[in-house]
A.B. asks: 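Dumping the structure here so I can ask a few things about it.
We name chains A, B, ... by the order of the sequence lines, and we start the count at 1 in each one.
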There are 2 protein chains.
Amino acid sequence: MQDMTLMRLRNWIVGSGLARGDRLPSERELGTLLGVSRAELRKALIVLEAEGGLERLVGRGTFLAKQSRPARGSGIEGVISELAESTGPIDAMNARLVLEPELAQLAALNATPAQLRELRRLSNAMRVAATWSSYEGLDSEFHEIIASAAGNSLLQALHRMLNGVRQIVVWRRLETSDPGPDPGYHSFDEHEAILSALERRDGAAASAAMRAHLQSTLAAMTTSPAG
Amino acid sequence: MQDMTLMRLRNWIVGSGLARGDRLPSERELGTLLGVSRAELRKALIVLEAEGGLERLVGRGTFLAKQSRPARGSGIEGVISELAESTGPIDAMNARLVLEPELAQLAALNATPAQLRELRRLSNAMRVAATWSSYEGLDSEFHEIIASAAGNSLLQALHRMLNGVRQIVVWRRLETSDPGPDPGYHSFDEHEAILSALERRDGAAASAAMRAHLQSTLAAMTTSPAG
DNA sequence: CGGCGCCGATTGGTTGACCATTCGGGGTGA
DNA sequence: TCACCCCGAATGGTCAACCAATCGGCGCCG
């Protein structure tokens, strides 16, 4: 399993709405926000800095890099942004519908207790998300942990690309007004159903719950063309 | 690369004569060797670990990863070769089992007559392939056309990555003796079944045929590990 | 009134001690 | 004699305190 903090930080940045060159909260604040110690957060920041995504300056703060293309990152980032330009939201959701139910099924077999605990935490956090963008970050993380729990590194990599494309596409239709999801948002209970199936190690139920979740999200996208 | 410690660590590893899987000195020793503090060394180790070059185990030590990580291109090819190193043949086949039946179902709805004709040509050509490697090329093309016929550019891109990884993995275990598939090779009829379902626009049958095809290939891989 | 400089708050960076995990060796009992 | 268990050393992981650099405001002085 990979570094959970790094994953959370990546998704927080995505959900934060920060643009290139913007300043991140201080390490101490960000650690509190993510619920991790400063040292643990620091480990993730070091990796992002080495990838070229961040710039850290003593006495000033931590900034998102100005360059869009990481010079020596994993290379997957460039492919993602490239794909995002020729992909629509509907295609992205349909691709998720193909991949993620199967990932959920595998995750039901292979998820570790730590991963299940993390999913539980995220499920609760999403219910009280104050803004849509913070919700998006948590949601991305939820699905990514399921992908990593599936135990197939290749499928996980494909899902990461897919999720990256989806995040870019979602960004495009983010409105400035951002009140956050209302308490009755359909995804809350759907996430709960997925998580419950994973905890029961019921692969078929997990797969079905994931499919239902994505289909209801897709339906919401097509009926209310907010984007 | 601006981090001097990281550079020194990389060079030390190269000059150390250590092989894959070997254990590095402890953080405290290595810090003394390189003349840096443990924290500073640790920063470099974190980066190398995130890059996949190291594995660190509490209570045991720090080890060179089994796979090396040479420099890579930045495009999709680099991502493919990167993924191929951390993916086994079984994982690759399982990923195909997730993706390709769904692609076949979509292709049954959306394939153009020209695509069906091309698939027909490939199916015939594969039956008379003189060598395994030429057969592999035709087979890759067959599956890639189905992916493109599905009509979802994102899924097609994912499949292209998947197919790239599979080709690398398959090549690895190619023997020098290469008589080509014998006339009774199971895939011939399975390809025919897929193509037939596509021509009938029968999505369910196409999906089932594709799944059966991949499963029989996976079974052949697991029973006769020679390839 | 304007420029200069100091001072403190804030930031990322560093340090040393401490914690959790793993492994192996020696003692103990069957 | 062998198996088991326990304990201590070694290892990577974590933490809280402290350091150095930076910036902004305030006051002093020209």
A.B. asks: So, taking the atom named CD1 in Ile194(A) and the one named CG in Leu119(A), what distance separates them when rounded to the nearest 0.5 Å?
C.D. replies: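 Interatomic distance, Ile194(A) CD1 to Leu119(A) CG, rounded to 0.5 Å: 9.5 Å.
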A.B. asks: With rounding to the nearest 0.5 Å, note down the distance linking CG in Leu103(A) to NE2 in His143(A).
C.D. replies: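 Reported value, rounded in 0.5 Å steps: 11.0 Å.
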A.B. asks: Evaluate the salt bridge (Lys or Arg N to Asp or Glu O under 4.0 Å) criterion for residues Glu136(A) and Arg166(A): first the C-alpha distance (whole Å), next the side-chain angles of each, then the deciding distance (0.1 Å), finally the verdict.
C.D. replies: CA-CA 10 Å; Glu136(A) 279 292 340; Arg166(A) 161 181 160 257; 3.3 Å; yes
A.B. asks: Distance under 4.0 Å to a non-hydrogen atom of chain A counts as contact; along DNA chain D, which nucleotides mark the start and end?
C.D. replies: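 The contact span of chain A on DNA chain D goes from dT14(D) to dC23(D).
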A.B. asks: Just checking Glu27(B): does its CD atom have more than 12 heavy atoms from other residues, nucleotides or ligands closer to it than 6.0 angstrom?
C.D. replies: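 Yes, CD of Glu27(B) has more than 12 neighbouring heavy atoms, counting only those of other groups under 6.0 Å.
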A.B. asks: What one-letter contact string describes nucleotides 9-15 of chain C from 5' to 3', where B marks a base within less than 4.0 Å of any protein heavy atom, S marks contact via sugar-phosphate atoms alone, and - marks no contact?
C.D. replies: --BBBBB
A.B. asks: How long is the gap from CG on Leu57(B) to CZ on Arg23(B), to the nearest 0.5 Å?
C.D. replies: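 One gets 10.5 Å once the value is rounded to the nearest 0.5 Å.
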A.B. asks: Going by atom types only, do Glu144(B) and His159(B) share a side-chain donor-acceptor pair under 3.5 Å?
C.D. replies: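 No.
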A.B. asks: Using a distance-only test with no angle check, is there a side-chain donor-acceptor pair under 3.5 angstrom linking Ser123(A) and Arg127(A)?
C.D. replies: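 Not at all, the side chains of Ser123(A) and Arg127(A) share no donor-acceptor pair under 3.5 Å.
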